[in-house]
Visitor: 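One structure, as structure tokens, below. Some questions next.
These numbers come from a predicted model, not from an experiment. Proteins come first, then strands; the chains are lettered A, B, ... in the order of their sequence lines, and each starts at number 1.
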Number of protein chains: 2
Amino acid sequence: MKEKSNKNSRISLSEVARAAGVSKMTASRVLRGEGGYSEKTRDKVMEKVDQLGYLPNRLATVFAGDQSSTFVGVSIPDLGNEVFAQVLEGIDRKLGSFGRQTVLGLTQHTQQEEENWIRTVLSWQPAGLILTGRYHSPRATEMLRNAGIPIVEIWDLNSSPLDMSVGINHFDSGFDMGRYLMGCGYFNIGYVGTSHDTANAATTRLDGFCKAVEGGGGRVVKQLCLHDTATYYPGFYGTEQLLASGSGVECIFYQNDAMAFGGLQYCSAKGMQVPQDIGIAGWGDLPIASVIARRLTSMHVPHLKLGQAAAEMMIGRLSDEPVETCRDIGFRLIPGTTVRNNA
Amino acid sequence: MKEKSNKNSRISLSEVARAAGVSKMTASRVLRGEGGYSEKTRDKVMEKVDQLGYLPNRLATVFAGDQSSTFVGVSIPDLGNEVFAQVLEGIDRKLGSFGRQTVLGLTQHTQQEEENWIRTVLSWQPAGLILTGRYHSPRATEMLRNAGIPIVEIWDLNSSPLDMSVGINHFDSGFDMGRYLMGCGYFNIGYVGTSHDTANAATTRLDGFCKAVEGGGGRVVKQLCLHDTATYYPGFYGTEQLLASGSGVECIFYQNDAMAFGGLQYCSAKGMQVPQDIGIAGWGDLPIASVIARRLTSMHVPHLKLGQAAAEMMIGRLSDEPVETCRDIGFRLIPGTTVRNNA
DNA sequence: AAGCTTTAAGTTACCCGTAACGTAAATGCG
DNA sequence: CGCATTTACGTTACGGGTAACTTAAAGCTT
């Protein structure tokens with residue numbers, strides 16, 4: 001009655017063995033190629049494998065407990081942000097080349113989503129987890145500690161990680177950008193970003209940025225768009241609001257390049273010249289930043305390399321190789337031509 | 001000796017049951033909330049669950065064969081292409097809201113990679129598969145047919161799908177763009193894209209495009225960059241090569257928006273005015289296309305909606321609801337301002 | 001209070017592949 | 001040729017959870 005079609009129709013090892021006239025164990029040995037059978041037997045078994053279209057059930061293997069799974073859970077805040085898409089691509093390609101599969105989780109930047117996803121994915125006995133960000137809910141942290149599997153926290157470099165960490169120091173990158181803009185002669189500087197109820201890397205960047213600017217005698221005017229994803233449109237409207245507030249900023253630093261493009265577009269729509277009338281600086285250095293007419297001032301982070309490094313650390317740990325638990329992937333300021341040159 | 005830490009340390013249901021002084025079965029019933037136990041027993045079990053930090057092992061449940069897994073395999077060519085990143089986001093969000101997890105596979109546009117991934121992911125007993133594209137290797141096709149699970153082929157609408165299909169008619173979208181550009185008064189039109197050894201949606205678009213242009217008395221000059229991903233730089237250099245070839249094209253249609261941005265940049269770097277000196281048309285309508293100074297002529301495809309539709313079809317099929325097997329998600333031509341207006 | 005029904009458990013078997021162990025036949029060797 | 005060793009298998013048990021069945025106790029009815 002009840003259709004369990006796939007379960008019933010799936011060919012099992014026993015069926016292959018029976019068809020080949022050998023025991024389950026012999027068939028298993030042939031499939032794993034670990035020896036202990038004759039050529040004739042091997043051919044017989046392999047013939048039936050092809051004939052019946054047998055596909056092994058990895059669930060059973062892992063479940064038997066003699067092997068760990070080949071899954072790695074990877075949590076990413078969202079893919080609308082090109083940066084994270086590239087990080088994910090770097091991770092998946094590298095994991096894939098080592099025979100591991102990515103189980104994706106989009107956390108939408110919330111700890112609750114992350115916690116739910118962690119609970120679910122742990123129930124699938126993953127070989128390890130790669131998580132974006134260093135801030136997790138208390139329950140999540142507890143589950144992660146108890147999981148007993150390798151964990152790589154990426155993006156936001158964490159000097160005391162749960163297990164391993166790779167990323168950059170966001171505070172420093174914000175600080176460097178602040179110092180650079182001050183060096184360009186700006187003092188009254190705006191910031192346009194999105195607001196988050198929980199701590200995250202963007203907030204840390206802003207902290208570093210403020211420290212540099214305010215420590216250098218400047219002023220930071222913040223414009224945080226509520227409940228918006230950090231893309232073009234909030235960049236556009238955030239800029240409009242900031243400029244309308246009468247704060248008289250001479251330069252705007254954005255949470256990321258996408259928002260900066262939105263800002264550029266607003267300024268150009270209003271007939272403002274960049275950088276003559278206003279300076280614009282982004283963060284993240286999207287590929288397109290080097291392809292628009294004016295090179296966007298930004299902060300370059302090697303996204304793909306970051307993803308690959310995370311996957312390498314995971315693979316290394318899974319192979320019991322010694323791995324560094326904390327890796328700084330670095331960033332590089334791109335001067336660009338969208339802020340005035342102080343030279 | 002050998003550390004199998006996670007295996008040994010993971011708390012099992014039996015341990016919870018023993019701690020609570022009940023049988024495994026009773027504990028199982030409590031956890032599934034299916035009744036047949038007293039309140040006192042429930043509290044006792046739940047107390048131990050919290051105390052020991054028990055996490056169920058879904059592998060065992062699925063393996064037992066009484067439930068299908070909550071995994072859905074999703075293959076995507078690459079995430080460097082923003083379009084596919086958004087499709088994936090749409091899929092994962094929707095699947096997640098129904099308690100399903102995405103197992104990712106990046107196929108790098110090759111059938112061999114896809115086949116390998118399919119083999120692996122099927123061994124994990126997924127509930128279903130969502131595949132980008134309609135062209136699979138013969139072995140892959142055979143495995144898919146035998147798998148006995150729901151399969152959604154996305155992106156390239158397939159009127160006779162393996163199981164279900166959702167996407168757009170790429171031939172028609174190419175045709176419509178060809179007719180539009182002819183209508184703008186262009187006759188000598190270039191195409192810049194990447195070359196693929198296997199059939200794919202971009203090739204189908206080009207076929208439709210050629211049919212419209214050549215059928216209307218025009219000419220298409222193709223410039224296919226070998227072995228390159230379809231992003232900004234091949235767009236830039238492909239444009240350079242096409243213009244250097246002396247074909248005298250008046251307008252260029254690109255494989256996608258990213259390549260078109262590369263072309264725009266090349267033209268602007270060479271001092272050519274768009275659309276006065278040359279027309280530029282992209283495909284895909286990236287979010288940034290509406291944020292640059294000139295609105296890029298393009299073809300809009302509802303990416304996020306496409307992903308969500310795919311996930312909905314999958315969920316529907318898994319819930320034994322009747323679902324349409326073939327869904328056209330549609331496209332819309334964006335006239336933009338990067339081709340001359342024939343009005 | 002006897003008899004019946006309901007509730008709250010426990011027991012057994014099973015899913016699929018593999019480790020560990022057992023065994024019979026083939027081979028090697030002096 | 002007889003004994004030790006290797007090869008080529010087969011057999012049993014197991015992992016973690018659940019379906020199906022069984023059993024004991026409690027509740028209800030008249």
Visitor: What integer distance in Å separates Ile11(A):CD1 from dG17(C):P?
Guide: 11 Å
Visitor: Could you state the atom-to-atom distance from CG of Leu59(A) to P of dT18(D) in whole Å?
Guide: 14 Å
Visitor: Kindly compute the distance separating CZ (Arg100(A)) from CD1 (Ile91(A)), expressed to the nearest 0.5 Å.
Guide: 14.5 Å
Visitor: Out of dG17(D), dG10(C), dT11(D), which has the shortest distance to the side chain of Ser23(A)?
Guide: dT11(D)
Visitor: Given dC16(C), dG10(D), dG17(D), identify the nucleotide with an atom nearest to the side chain of Val22(A).
Guide: dG10(D)
Visitor: Is a side-chain N or O of Gln86(B) found less than 3.5 angstrom from the main chain of Val83(B), in a donor-acceptor match?
Guide: no
Visitor: Does a nitrogen or oxygen in the side chain of Tyr54(B) sit under 4.0 Å from OP1 or OP2 of dG16(D)?
Guide: no
Visitor: Give the rounded distance in Å between these two atoms: CD of Glu39(A) and P of dT7(D).
Guide: 14 Å
Visitor: Over 60° means perpendicular and under 30° means parallel, so tell me whether Phe71(A) and Trp124(B) are parallel, tilted or perpendicular.
Guide: tilted
Visitor: Among side-chain atoms of Gln101(A) and Thr70(A), is any donor-acceptor pair under 3.5 angstrom?
Guide: yes
Visitor: Measuring to OP1 and OP2 of dA9(C), would you say a side-chain N or O of Thr41(B) lies under 4.0 angstrom away?
Guide: yes
Visitor: Atom NZ of Lys24(B) to atom C1' of dA19(D): distance rounded to whole Å?
Guide: 13 Å
Visitor: Round to the nearest Å and state the distance from Met25(B) atom CE to dG10(C) atom C1'.
Guide: 10 Å
Visitor: Nearest-Å distance, CZ (Arg10(A)) to P (dC16(C))?
Guide: 11 Å
Visitor: Is any side-chain nitrogen or oxygen of Ser38(A) closer than 4.0 Å to OP1 or OP2 of dC9(D)?
Guide: yes
Visitor: For Glu34(A) and dT7(D), what is the distance between atoms CD and C1' respectively, to the nearest whole Å?
Guide: 13 Å
Visitor: When the distance from CZ of Phe63(A) to C1' of dG17(C) is rounded to whole Å, what number comes out?
Guide: 10 Å
Visitor: Would you check if the side chain of Trp155(A) reaches a backbone N or O of Leu306(A) as a donor-acceptor pair within less than 3.5 Å?
Guide: no
Visitor: Among the candidates dG16(D), dA20(C), dG10(C), find the nucleotide nearest to the side-chain atoms of Arg29(B).
Guide: dG10(C)
Visitor: Would you say dG17(C) has OP1 or OP2 under 4.0 Å from some side-chain N or O of Ser28(A)?
Guide: no
Visitor: Is Thr26(A) near enough to dG10(D) that one of its side-chain N or O atoms lies under 4.0 angstrom from OP1 or OP2?
Guide: yes
